[in-house]
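Notes for the one structure printed next.
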Amino acid sequence: MKLLELLGYFNYWVFAIVLTVGLYAVISKANLIKKLIGLSIFQSAVFLMYITMDKVEGGTAPIIQAGVEDQVFSNPLPQVLILTAIVVGVSTLALGLAMVVRIKESYGTIEENEILDAD
Amino acid sequence: MIFIFAVFLLSLLVITAIAIVRTNNLFSAVMLTSIFSLLMAANFFILDAADVALTEAAIGAGVTTVIFLCALALTADRAKPNKERRKVAYGAVGILASLMIYATFDKPPLGDPDAPVHQHVAPWYIEKTPEYMDFPNIVTAVLSSFRGYDTLGEVFVVFAACIGVLFILGVPVPGNAKPAPMQQKKGLHHHLIPQVVGRLIIPFIVLFGLYTQFHGEYGPGGGFQAGAIIATGIILYALLEGESKALQAVPRRVLMGMVIGGALLFGGVGVICMLMGGNFLDYSVLAADPVWGRQLGIIIIEAGVGMTVCGALLSIFHAFASRERAS
């Protein structure tokens with residue numbers, strides 16, 4: 001099954017590229033909301049890597065079907081970790097956005113360099 | 001066929017990510033993140049992660065987008081172009097990307113059943129779930145019982161983040177000396193089509209949320225997904241009818257009760273297990289038959305997770321939506 005192998009590499013390359021695209025936004029953008037968007041892209045890339053690792057060839061979603069013998073299941077553990085991480089991700093993102101809203105109210109801007117100038 | 005589809009989705013994912021970072025219009029960046037999440041959910045589904053796909057679709061494409069839009073309404077919807085640190089960023093990102101792509105050649109190939117990740121505890125979980133829990137969804141079994149400690153921790157993180165948002169946004173806006181009378185936010189009352197379509201689908205969204213909650217042991221679903229789906233239904237109601245109407249339907253104290261009650265329910269089940277002679281979160285002592293005891297414990301803690309997630313997401317949404325713009 002050469003195709004699946006190639007797809008695996010492609011998955012990991014996409015993970016690497018999306019991760020670095022997120023990191024680029026965090027480093028280079030001065031806008032705080034843009035930084036948070038970059039952080040959530042970064043986070044999604046990590047999710048993609050975990051879920052790529054859980055795939056088993058010929059496997060199916062880890063839900064046992066009655067009356068079917070010798071089923072191959074994909075690994076349930078990374079799925080559990082990522083499932084909870086997604087929900088935690090949105091709550092921490094909201095916390096970050098709340099801080100950005102307060103920064104906007106105190107400084108009148110959400111551009112990092114303007115905030116540093118104002119201090 | 002699935003190969004071509006997967007490559008197509010992954011390429012779209014990269015293009016969307018680059019477009020998000022390149023645009024200076026924050027509104028379109030947020031809309032693109034919604035599309036990004038939907039593509040990601042489809043990818044998860046191809047990789048056999050049905051539960052994760054459901055969560056990502058409800059949270060990433062639904063709740064996150066609304067919270068981002070609320071934050072944009074309070075701040076700015078355009079970013080100023082800034083080229084200061086571009087060279088450093090390109091350097092760091094280029095080196096990191098090439099290192100990681102180099103490292104991928106050492107990873108076990110996709111779908112290899114002998115990969116180290118499939119050798120550790122996962123086979124034990126798959127083997128023991130029918131015997132210990134007697135229900136089909138292994139993900140729910142691992143989430144709520146085998147790794148119940150992790151999930152308890154995650155629920156408390158959601159709880160803490162929700163409290164944090166309420167603390168940060170709960171204080172009055174500086175500069176507005178006296179709080180302006182609460183304006184009636186009208187929502188999309190004057191738009192006929194969203195109104196009619198929304199009215200039609202909101203009951204079904206909430207019904208589907210309840211189904212994922214109570215069917216989580218048998219199919220993809222569980223407390224995390226259900227809480228998020230029900231929250232999106234109520235947020236849609238708030239967008240259509242105005243935020244104050246949604247607060248009338250589900251008042252703030254009910255939301256706080258859900259957040260606190262859900263977390264307490266989860267922890268409380270653990271303590272009851274201890275009082276009944278088992279370990280913390282060892283549900284088998286809850287009933288005379290250990291299997292039924294575990295099922296009972298899982299149903300209760302999934303309900304707690306659902307309540308906390310739904311209450312926390314809605315409280316966060318209301319905290320953003322009800323804040324007035326600083327003058």
Side-chain angles (χ1 to χ4, degrees), chain A residues 3-5 7-14 16-18 20-21 23-25 27-28 30-31 33-34 37-38 41 44 51-57 59-64 73-77 79-80 82-84 86-88 90-92 94-95 97-102 104-105 110-111, chain B residues 3 6 10 13-14 17-18 21 26 29 33 40 44 47-52 55-56 59 63-64 67 71 74-76 79-80 82 85-86 89 93 96-97 100-101 104 109-111 113 117-118 122 125-126 136-139 142-143 154 157-158 161 164-165 168-169 173-174 224 309 316 326:
Chain A
L3 271 182
L4 199 65
E5 207 168 303
L7 181 63
Y9 285 127
F10 196 67
N11 258 300
Y12 289 124
W13 295 338
V14 167
I17 293 168
V18 172
T20 44
V21 166
L23 186 68
Y24 172 79
I27 299 174
S28 75
N31 185 287
I33 290 197
K34 211 62 190 291
I37 291 177
I41 292 176
S44 297
I51 297 300
T52 305
M53 287 195 300
D54 89 338
K55 173 82 180 164
V56 175
E57 194 178 339
T60 170
I63 296 169
I64 301 163
F73 296 113
S74 290
N75 194 338
L77 190 56
Q79 300 191 10
V80 171
I82 296 314
L83 195 157
T84 51
I86 290 173
V87 180
V88 168
V90 68
S91 352
T92 46
L95 198 64
L97 283 174
M99 286 182 212
V100 173
V101 167
R102 287 295 298 280
K104 164 79 177 176
E105 285 166 3
I110 52 168
E111 304 288 330
Chain B
F3 173 78
L10 289 167
L13 205 63
V14 174
I18 292 172
V21 173
L26 291 176
T33 46
M40 198 57 121
F44 289 159
L47 294 165
D48 291 347
D51 287 84
V52 187
T55 320
E56 177 71 29
I59 298 243
V63 182
T64 311
I67 292 176
L74 292 169
T75 52
K80 289 179 188 152
N82 174 23
R85 271 169 294 179
R86 207 169 251 196
V93 161
L96 189 68
M100 281 197 302
I101 288 174
T104 56
L110 179 71
V117 64
H118 303 308
Y125 290 151
I126 292 173
N137 191 348
I138 305 171
V139 174
V142 177
L143 179 97
E154 310 269 18
V157 173
V158 172
V165 170
I168 293 173
L169 292 183
V173 181
F224 283 101
V309 170
I316 288 170

Pick one of side chain, backbone, both or neither for [X], based on which atoms fall under 4.5 Å of a heavy atom in chain A.
X      : result
B:T64  : both
B:V158 : both
B:Y125 : side chain

- Could you walk me through whether B:I138 and A:I63 pass the side-chain contact (heavy atoms from CB on, under 4.5 Å) test, one step at a time? CA-CA 6 Å; B:I138 305 171; A:I63 296 169; over 6 Å; no
- Intermediate values then yes/no, side-chain contact (heavy atoms from CB on, under 4.5 Å), B:I168 and A:M99: CA-CA 7 Å; B:I168 293 173; A:M99 286 182 212; 3.7 Å; yes
Quick check for you: among [options], which has the greatest number of heavy-atom pairs under 4.5 Å with chain B?
options                    : value
A:T92, A:V100, A:L77       : A:L77
A:P62, A:S28, A:G38, A:A16 : A:P62
A:T52, A:I17, A:I82        : A:T52
A:L83, A:L95, A:N31, A:I27 : A:L83

- Under the side-chain contact (heavy atoms from CB on, under 4.5 Å) criterion, do A:K34 and B:L26 qualify, and how do the steps go? CA-CA 7 Å; A:K34 211 62 190 291; B:L26 291 176; 3.7 Å; yes
Give, as side chain, backbone, both or neither, the part of [X] having an atom under 4.5 angstrom from any heavy atom of chain B.
X      : value
A:I110 : side chain
A:E111 : side chain
A:T60  : backbone
A:Y9   : side chain
A:L97  : both

Heavy-atom closest pair, residues [X] and [Y]:
X      : Y      : answer
B:H118 : A:D54  : CE1-O, 3.4 Å
A:S74  : B:I126 : O-CD1, 4.3 Å
B:V139 : A:V80  : O-CG2, 3.5 Å
B:A29  : A:I37  : CB-CD1, 4.0 Å

- Message: So which residue, B:M100, B:R85, B:E154, B:M40, ends up with the most heavy-atom pairs under 4.5 Å with chain A?
- Response: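 So the answer, after comparing B:M100, B:R85, B:E154, B:M40, is B:E154.
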- Could you tell me which of B:L10, B:I59, B:I67, B:I18 has the largest number of non-hydrogen atom pairs under 4.5 Å with chain A?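 Among the listed options, the one with the most contacts to chain A is B:L10.
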- Ignoring hydrogens and geometry, is there a side-chain-to-backbone donor-acceptor pair from B:D51 to A:Q79 under 3.5 Å?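 Side chain of B:D51 to backbone of A:Q79: no pair is present.
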- Message: In terms of relative ring orientation, are A:W13 and A:F10 parallel, tilted or perpendicular, with 30° and 60° separating the classes?
- Response: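 Geometry flag for A:F10 against A:W13: perpendicular rings.
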